[in-house]
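Encoded as structure tokens, the structure appears first; notes follow it.
Bear in mind the structure is a predicted one, so any value in this text is a computation, not a measurement.
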Amino acid sequence: MNTRREILAGMGVAALGLIGLNAAWQGLSGRMPSTSANWDNRDTLSGTPFPNVTLYTHEGETVRFYDDLIRDKVVAINMMYAQCAGICPLATANLLQVQNMLGERAGRDVFMYSITLQPEQDTPKGLKQYADRYGIKDNWKFLTGAPEDIELLRFRLGFFDREIDLDKVKENHTGMVRIGNDALKRWSMAPALAEPHQIMATINHLDPKAIHTYEGQPT
């Protein structure tokens with residue numbers, strides 16, 4: 001149950017995430033991939049910096065990143081890959097607890113996405129096997145796409161290291177969850193291995209639909 005203390009803790013995680021994210025954006029100059037024609041494909045009304053690339057879900061759907069997954073939604077996004085033997089399985093299991101805590105809000109008010117860092121190997125079928133192996137429920141999409149588009153998203157979402165040698169190590173990009181509310185243009189980050197209730201508190205802080213009762217339990 002989310003208490004006031006837990007909500008405030010989540011807000012602290014959100015603040016730290018924003019600090020880290022802002023620092024990451026400062027290192028973008030001269031590092032951004034330029035191979036995708038979708039780089040300047042911005043929504044004319046919101047001016048979103050997110051490219052509207054084509055992705056494929058583990059359920060066999062073809063989707064556009066911004067139009068179908070992000071626009072006007074509250075989202076939680078992490079990066080992973082199926083053959084990861086390090087943090088990925090732990091992060092997936094941890095985020096499954098977050099999905100369970102969301103209950104009916106998952107896929108209705110809050111949308112969860114995991115994007116592979118290894119699109120050359122992680123086909124939709126492979127991601128479906130991964131999701132099944134970890135007992136992932138509906139309303140959480142695992143996504144793959146063209147390698148250059150995945151790389152573009154990785155940078156735009158802030159999953160990169162300013163040190164080039166460190167940035168080459170895929171495991172270095174699996175430890176955070178990007179949480180945002182596109183309608184309000186508010187974004188943050190939380191550690192993927194933080195306590196599930198702390199990740200929930202960060203999500204709730206960005207989701208105006210999370211109405212807290214006297215006891216602190218969101219509805």
Side-chain angles (χ1 to χ4, degrees), residues 13-36 38-39 48-58 63-66 69-70 73-95 98 110-122 127 130 140-182 185-194 198-199 202-203 206:
V13 171
L16 290 174
L18 284 172
I19 292 171
L21 189 58
N22 288 335
W25 282 106
Q26 293 174 8
L28 270 170
S29 178
R31 294 283 311 283
M32 189 64 66
S34 59
T35 58
S36 174
N38 291 288
W39 172 248
T48 173
F50 298 121
N52 203 25
V53 297
T54 298
L55 299 178
Y56 307 96
T57 77
H58 73 289
V63 295
R64 302 288 285 187
F65 181 72
Y66 182 70
L69 304 181
I70 305 297
K73 292 181 172 69
V74 176
V75 299
I77 307 169
N78 77 309
M79 301 201 78
M80 46 68 67
Y81 53 103
Q83 303 305 314
C84 174
I87 193 176
C88 299
L90 298 175
T92 298
N94 203 46
L95 292 175
V98 174
V110 179
F111 298 83
M112 297 179 67
Y113 307 124
S114 292
I115 304 174
T116 179
L117 286 163
Q118 208 164 44
E120 303 91 341
Q121 296 185 25
D122 288 343
L127 290 175
Y130 179 91
W140 178 354
K141 297 183 186 299
F142 286 73
L143 301 153
T144 188
E148 62 271 20
D149 290 339
I150 296 297
E151 189 73 351
L152 183 60
L153 289 177
R154 181 171 74 83
F155 273 80
R156 268 305 185 186
L157 288 167
F159 291 101
F160 67 91
D161 196 288
R162 297 178 67 177
E163 298 294 331
I164 295 178
D165 289 340
L166 293 176
D167 189 65
K168 293 178 181 178
V169 181
K170 286 184 173 63
E171 290 87 347
N172 290 342
H173 313 307
T174 61
M176 299 294 289
V177 183
R178 182 83 189 269
I179 300 168
N181 183 325
D182 177 67
K185 300 296 179 284
R186 297 176 63 196
W187 291 86
S188 185
M189 272 189 165
L193 296 184
Q198 291 183 329
I199 299 175
T202 305
I203 292 172
L206 295 178

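- Here CG of N78 is found 10.5 Å from CE of M189. Values are rounded to the nearest 0.5 Å.
- Applying the side chain to side chain contact (heavy atoms under 4.5 Å, CB included) rule to F111 yields the partners K73, V75, Y113; only residues at least two apart in sequence or on another chain are considered.
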*Please lay out, stage by stage, how I199 and N94 fare under the test side chain to side chain contact (heavy atoms under 4.5 Å, CB included).*
CA-CA 10 Å; I199 299 175; N94 203 46; 3.8 Å; yes
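- T174 places no side-chain N or O within 3.5 Å of a backbone atom of I87 that could act as its donor or acceptor partner.
- Smallest separation of non-hydrogen atoms from F50 and R156: CE2-O, 3.8 Å.
- Of the inter-residue distances, the one linking R178 atom CZ with I115 atom CD1 reads 10.5 Å to the nearest 0.5 angstrom.
- To the nearest 0.5 angstrom, I179 atom CD1 is 10.0 Å from W187 atom CH2.
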_Using side chain to side chain contact (heavy atoms under 4.5 Å, CB included), reason through I70 and F65 one step at a time and then give a plain yes or no._
CA-CA 7 Å; I70 305 297; F65 181 72; 3.7 Å; yes
*Residue pair L143, L153: steps toward the side chain to side chain contact (heavy atoms under 4.5 Å, CB included) verdict*: CA-CA 11 Å; L143 301 153; L153 289 177; over 6 Å; no
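- Closest of all the heavy-atom pairs between P119 and P147 is CG-CA, 3.7 Å.
- A distance of 7.5 Å separates OG1 in T202 from CD in Q198, rounded to the nearest 0.5 Å.
- For A82 against D122, the heavy-atom pair with the smallest separation is N-OD2, 3.0 Å.
- Taking each heavy atom of T116 and I150 in turn, the nearest pair found is O-CG2, 3.2 Å.
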_Using the rule given for side chain to side chain contact (heavy atoms under 4.5 Å, CB included), can you reason through E120 versus Y81, listing the C-alpha separation, both sets of side-chain angles and the distance that settles it, and then say yes or no?_
CA-CA 10 Å; E120 303 91 341; Y81 53 103; over 6 Å; no
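- Here CG of L117 is found 8.5 Å from SG of C84. Values are rounded to the nearest 0.5 Å.
- Using a distance-only test at 3.5 Å, with no hydrogens or angles considered, no donor-acceptor pair links the side chain of N181 to the main chain of R186.
- When all heavy atoms of T54 and R64 are compared, the pair lying nearest together is OG1-NH1, 2.8 Å.
- Here the straight-line distance linking atom CG of L69 with atom CG of D182 works out to 11.5 Å at 0.5 Å rounding.
- Between the side chain of R154 and the backbone N or O of F159 there is at least one donor-acceptor pair closer than 3.5 Å.
- With sequence neighbours left out, the side-chain hydrogen bond (donor to acceptor under 3.5 Å, both in side chains) criterion links T92 to Y130.
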